[in-house]
Amino acid sequence: MTTARVIMPNRTQIELRPMDLESLLPEGHRARLVWAWVARQDLGAMYAAIKVRQGGVGRSAIAPQILLGLWLYATLQGVGSARQLSRLVLEHDAYRWMSGGVQVNYHSLSDFRVAHGQALDELLSVSLAALMSAGAVKLQCVAQDGVRVRASAGAASFRRKASLQDNLELARARVRELKEQIDADPAQDSRRKAAAQQRARREMQERLQSALERLPELEAIKRRNGAKAEEARASSTDADASVMKMADGGYRPAYNTQYASDCDSQVIVGVEVSTSGSDMAQLAPMVEQIEQRLGSAPQKMLVDGGFPAHAQIDAVAHKTEVYAPVPEARTKKDAKKDDQGHEAQQDKHEPKPDDSAAVASWRQRMASDEAKELYKRRAATAECVNAQARNRGLQRMPVRGLKKVRCVALLFALAHNLMRTLALAPQLLGLGTTASAAGAGTV
């Protein structure tokens, strides 16, 4: 019987393949749309932070357009790791096209993501102004909701004051010891290793110091809740993280990420990150932020039952109408009873004697059928925006510290609004206003 004749792979064969990066992606690819948006933005603030200058010494910096484009596209694809993104730049055609042949390491990506919080915030404001000019955002009705995102810290990292102080002293002693080793040891390899250890210990020392500085705030919260101040604990890994009740009922270190979205367009118009697990004090700051960002406050604000503290309603009454469910009236010990001995039900929408004019108006407003119908839009808007953020990887923060976490939240908002721009105002991306233009970016 004769042997079968087959063709085996020959991986040592040299091939010459003429190729350019521009041919890697088809027209309408999502990476091209991201670049089209980035190329139209003013990144002057990011360029101002670059130290190397024309005619000076030093290696040329990577263009901010490349780094911003990579992070926006990665966010849309659910990639949140700087190391993973740096590998994709080498292996994936879309990321290779975005980088344009420029070598990008994970250090550069990681540093860029958290170094331009103010610039990212300004980009959000400018892009929203363009959408308002195009008629896509009207601010007639805005829905706000918070999403608790797991922090990059473990539950075991939370320590009381005495433990934090002990660990801080140990870290300081270790830093001094390593510094002495570096000064005394002339061997280059040993010096490099000791320098790395010293840097790690110094960073630990800074984290412990930050945790101690936050303890007074946590102690005040404990006292306000009727607990002992000595029970307050702060994380030695991420001092800004707080233990919060999550959606599954468990308690974990997390951040409370707040998004406010226009109900008509589902465009995010406000972003904030809180270290409090409660939404009770988040309404007024968000209304103020939207007013500062866009020049006017929303006509109507839709929030869930965790937001409407009376002080918050009073604070925004002259700017917007609040639509939130009125909590059920609490039963009092001396409540009146009917002829059958049953407690008389109090109408929760009836103004109470100690209500301010704004709170009384809110109670009466929520009793109308129009308000109940309008309030249905809250879940359809806010919950949808939060769900899309979750699907894009907003499950656990890849960075530590409130300022850095806010940068990540802003990147998610910019990526989300970029896709809404494609659907609502594709002319802002240079794609025209046709239906085919709006259907681009699905690759």
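Only this structure's heavy atoms are used, side chains among them; waters, hydrogens and symmetry mates stay out. This structure is a prediction, so every number in the text was calculated from the model and none was measured.
No donor-acceptor distance shorter than 3.5 angstrom exists from the side chain of Gln395 to the backbone of Val149, with no hydrogens or angles considered. With Tyr375 contributing its side chain and Val303 its backbone, the two residues share a donor-acceptor pair below 3.5 Å. Remark: the backbone N or O of Ala357 is not paired with any side-chain donor or acceptor of Ser361 at under 3.5 angstrom. Without hydrogens or angle criteria, Gln312 side chain to Ala284 main chain gives a donor-acceptor distance under 3.5 Å. For the pair Ser261 (side chain) and Ala382 (backbone), a donor-acceptor distance under 3.5 Å is absent. Checked by atom type and distance alone, the side chain of Glu231 never pairs as donor or acceptor with a backbone atom of Ala227 at under 3.5 Å.
We find the NZ-SG distance between Lys403 and Cys407 to be 10.0 Å, quoted to the nearest 0.5 Å. Atom CG of Leu302 is separated from atom SG of Cys141 by 3.5 Å, given to the nearest 0.5 angstrom. In this structure, OG in Ser127 is found 9.5 Å from CD in Glu122, a value given to the nearest 0.5 Å. Atom-to-atom distance recorded for Gln144:CD and Glu272:CD is 10.0 Å, nearest 0.5 angstrom. Rounding to the nearest 0.5 Å places CD of Glu350 at 7.0 Å from CD of Gln364. Taken from OG in Ser108 to CD in Gln103, the straight-line distance is 11.0 Å, to the nearest 0.5 Å.
Between Lys300 and Val142, every side-chain heavy-atom pair lies at or beyond the 4.5 Å cut-off. A heavy-atom distance below 4.5 Å is not found between the side chains of Leu123 and Val126. Trp362 has its side chain within reach of His310: a pair of non-hydrogen atoms, C-beta onward, lies under 4.5 Å apart. Using a 4.5 Å cut-off on side-chain heavy atoms (C-beta onward), Met244 and Arg150 make no contact. Side-chain contact between Cys384 and Gln388: present, with at least one pair of heavy atoms (C-beta onward) separated by less than 4.5 Å. Residues Val405 and Asp240 form no side-chain contact, since every pair of their non-hydrogen atoms from C-beta on lies 4.5 Å or further apart. Contact annotation: the side chain of Gln165 approaches that of Leu212 to within less than 4.5 Å [non-hydrogen atoms, C-beta and beyond]. Side-chain contact between Asp238 and Pro253 is absent, with no heavy atoms from C-beta onward closer than 4.5 Å.
Within the structure, side chain to side chain donor-acceptor pair (under 3.5 Å) pairs that include any residue of residues 81-94 comprise Arg83-Tyr106, Asp93-Arg96 (at least two apart or interchain). Applying the salt bridge (Lys or Arg N to Asp or Glu O under 4.0 Å) rule to pairs touching residues 282-299 yields Asp121-Arg293, Glu291-Lys319, sequence neighbours excluded. The ring-ring contact (aromatic ring centres under 6.0 Å, His included) analysis of residues 107-126, with sequence neighbours excluded, yields the pairs Phe112-His116. Among residues at least two apart or in separate chains, salt bridge (Lys or Arg N to Asp or Glu O under 4.0 Å) pairs with a member in residues 360-375 are Asp355-Arg363, Glu373-Lys376.
A side-chain donor from one of Gln77 and Arg30 sits under 3.5 Å from a side-chain acceptor of the other. A donor-acceptor pair shorter than 3.5 Å can be found between the side chains of Asp314 and Ser356. Asp262 and Ser265 form a side-chain donor-acceptor contact under 3.5 Å, judged by distance and modelled atom types alone.
Note on ring orientation: taking the six-membered ring where Trp is involved, the planes of His29 and Tyr73 are tilted (angle from 30° to 60°).
Across all non-hydrogen atoms, the minimal contact from Met366 to Ala371 is CA-CB, 4.0 Å. Considering all non-hydrogen atoms of both residues, Met98 and Trp35 come closest at SD-CE3, 3.6 Å.
Residues forming a side-chain hydrogen bond (donor to acceptor under 3.5 Å, both in side chains) with Tyr251 (at least two apart in sequence, or on another chain): none. Residues passing the side-chain hydrogen bond (donor to acceptor under 3.5 Å, both in side chains) test with Tyr323 are Glu321, sequence neighbours excluded. Applying the side-chain contact (heavy atoms from CB on, under 4.5 Å) test to Ala61 and every residue at least two apart in sequence or in another chain returns Ile50, Val52. In this structure Ser133 satisfies the side-chain contact (heavy atoms from CB on, under 4.5 Å) test with no other residue, sequence neighbours excluded. Judged as a side-chain contact (heavy atoms from CB on, under 4.5 Å), and not counting sequence neighbours, the contacts of Pro398 are Arg113, Val408. Listed by chain and residue number, Arg172 satisfy the side-chain hydrogen bond (donor to acceptor under 3.5 Å, both in side chains) test with Gln209 (two or more places apart in sequence, or in another chain).
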- Message: Quick one, Arg40 with Leu428, criterion side-chain contact (heavy atoms from CB on, under 4.5 Å). Give me CA distance, side-chain angles, the key distance, then yes/no.
- Response: CA-CA 9 Å; Arg40 285 168 169 76; Leu428 297 179; over 6 Å; no

- Query: So Asp42 and Tyr47, side-chain hydrogen bond (donor to acceptor under 3.5 Å, both in side chains) or not? Walk me through it.
  - Reply: CA-CA 10 Å; Asp42 181 5; Tyr47 272 93; over 6 Å; no

Validation: residues 151-162 side-chain donor-acceptor distances under 3.5 Å, sequence neighbours left out:
residue : atom : partner : partner atom : Å
Ser152  : OG   : Arg400  : NE           : 3.4
Ser157  : OG   : Gly154  : O            : 2.6
Ser157  : OG   : Ser235  : OG           : 2.8

Report all side-chain donor-acceptor pairs from residues 273-283 shorter than 3.5 Å, counting only partners two or more places apart or in another chain.
residue : atom : partner : partner atom : Å
Ser274  : OG   : Ser276  : N            : 3.0
Ser274  : OG   : Gln282  : NE2          : 3.3
Thr275  : OG1  : Arg214  : NH2          : 3.4
Ser276  : OG   : Ser278  : N            : 3.2
Ser278  : OG   : Met280  : N            : 3.1
Asp279  : OD1  : Asn256  : ND2          : 2.9
Asp279  : OD1  : Gln258  : NE2          : 2.8

